[in-house]
Amino acid sequence: MRRLRRPTLLTGDPEALDARIAGDLGLSRCSFEAELEGFGVSSAIYPLGRDRFLEVCAAVREGTSAARRLERAGEGMSMVILQVADLEGQRERLAGHGIRVVAEFDRPQTRGRWASRHLHPADTGPPCSRSTSRTRPRTSPSSRGRGASTSAPGS
Amino acid sequence: MTDLRGIEVVGPAGRWAAATGAPLDGDTLRLDDATATFRGGPVEAVTTVLLEARADRELDLGGVRFVLRRPQP
C-alpha cells in the first residue's frame, strides 16, 4: 500500500486561505487545532476525497521551523503525507539511500493507532515528506480528519 | 471538487521512490490512489495539486497551483 494522504500548505494568512478554499473548492474545515504541540503551527483539515485531506498550517510561534520557512520561502506546500504499509521495510530502504529520519511517532489517534516518520527535507527534496503506517485497525467510526497523521511540518 | 488525483513536484523522483517503494514510470511515481509527477527546475517544491472535479479549472491557493479536471469518460 502506498497512498497519497495529505498535502499540507503553509500560509501566513490562514483565514484568507480558508475563505478561498471554501469559495473556490467548496471545502469546509472538518478539524482545527490551534497549536500542534512541538511544532508551533495551527492545523486546519479539509476533506479531499475518500479518506484523504488537505491541511493548512500557519505558524503560531516565532522561531519555529515553520516560521523560518515561511519567512525564507513564503507560502507553499510544506509537507506531503504518504501512507505505506510497512514502515519497518521502509527503514531499510531509507538507510540504503541515505535518507535521514528527523522524527518518529507512534501514538493512538481517533481512528486507530498510527506510526509516522518525518523524513529530512534535504534528503527527500523540499517539502519534507512523511510516511505513515496504520499499525492497528480502525477503532472508532468517528472522524476528525486526522486519521493518518499525528502532527505537522518538520521542514 | 470530488477527489485528490495527484501532485506535481520539481525535484528528483528517485528519493521519493526510495521513500515509498512505489514504482517509477518514467518521471511519474505511481501510488495506489494517485500519481506524483516529477520534473526539473531551479527550486525544488511541490508545485501542483491535481483534483478531480465537476468542472475544469485552475487556480492558485497558498502558493500552489490547483488543477481541477473532470473525470475522463
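Note on naming: letters A, B, ... go to the chains in the order of the sequence lines (proteins, then strands), and numbering restarts at 1 for each one.
Residue B:Leu61 touches chain A through both its backbone and its side chain, counting heavy-atom pairs closer than 4.5 Å. In this structure, chain B has a heavy atom under 4.5 Å from the backbone of A:Asp123, while its side chain stays farther away. Looking at B:Arg30, there are no atoms closer than 4.5 Å to chain A (heavy atoms on both sides), in backbone or side chain. The parts of A:Leu4 that come within reach of chain B are both its backbone and its side chain, each placing non-hydrogen atoms under 4.5 angstrom from that chain.
Listed options B:Gly21, B:Gly63, B:Ala34 were ranked by heavy-atom pairs under 4.5 angstrom with chain A; first place goes to B:Gly21.
For the atom pair CZ (A:Arg5) and CG (B:Leu31), the distance works out to 12.5 Å, reported to the nearest 0.5 Å. Atoms CZ and CG, from B:Arg15 and A:Leu119 in turn, are 11.5 Å apart once rounded to the nearest 0.5 Å.
Between the side chain of A:Arg52 and the main chain of B:Asp33, a donor-acceptor pair closer than 3.5 Å is present. Checked by atom type and distance alone, the side chain of A:Gln90 pairs as donor or acceptor with a backbone atom of B:Ala19 at under 3.5 Å. A donor-acceptor distance shorter than 3.5 angstrom exists from the side chain of A:Arg20 to the backbone of B:Asp60, with no hydrogens or angles considered. Judged by distance alone, with hydrogens and angles left aside, the side-chain atoms of B:Asp32 form no donor-acceptor pair with the main-chain N or O of A:Arg3 at under 3.5 Å.
Using a 4.5 Å cut-off between side-chain heavy atoms of Ile, Leu, Val, Met, Phe, Trp and Tyr, with links allowed through other members, A:Met1 and B:Leu29 fall into different hydrophobic clusters.
A:Pro7 and B:Leu4 make their closest contact through CD-CD2, 4.0 Å (heavy atoms, listed as atom of the first residue, atom of the second, distance). Looking at every heavy atom in both residues, A:Thr124 comes nearest to B:Trp16 through O-NE1, 3.2 Å. Here the closest non-hydrogen pair linking A:Val84 and B:Thr20 is CG1-O, 4.0 Å. Heavy atoms only, all atoms of each residue included: A:Ile99 and B:Ala18 are closest at CD1-CB, 4.1 Å. Nearest heavy-atom pair across A:Arg2 and B:Pro23 is NH1-CD, 4.1 Å.
Put simply, the side chain of A:Val80 does not reach to within 4.5 Å of the side chain of B:Val9, judged on heavy atoms.
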Chi angles and distances behind the side-chain contact (heavy atoms from CB on, under 4.5 Å) call for B:Leu51, A:Leu48: CA-CA 9 Å; B:Leu51 301 174; A:Leu48 199 59; 3.8 Å; yes
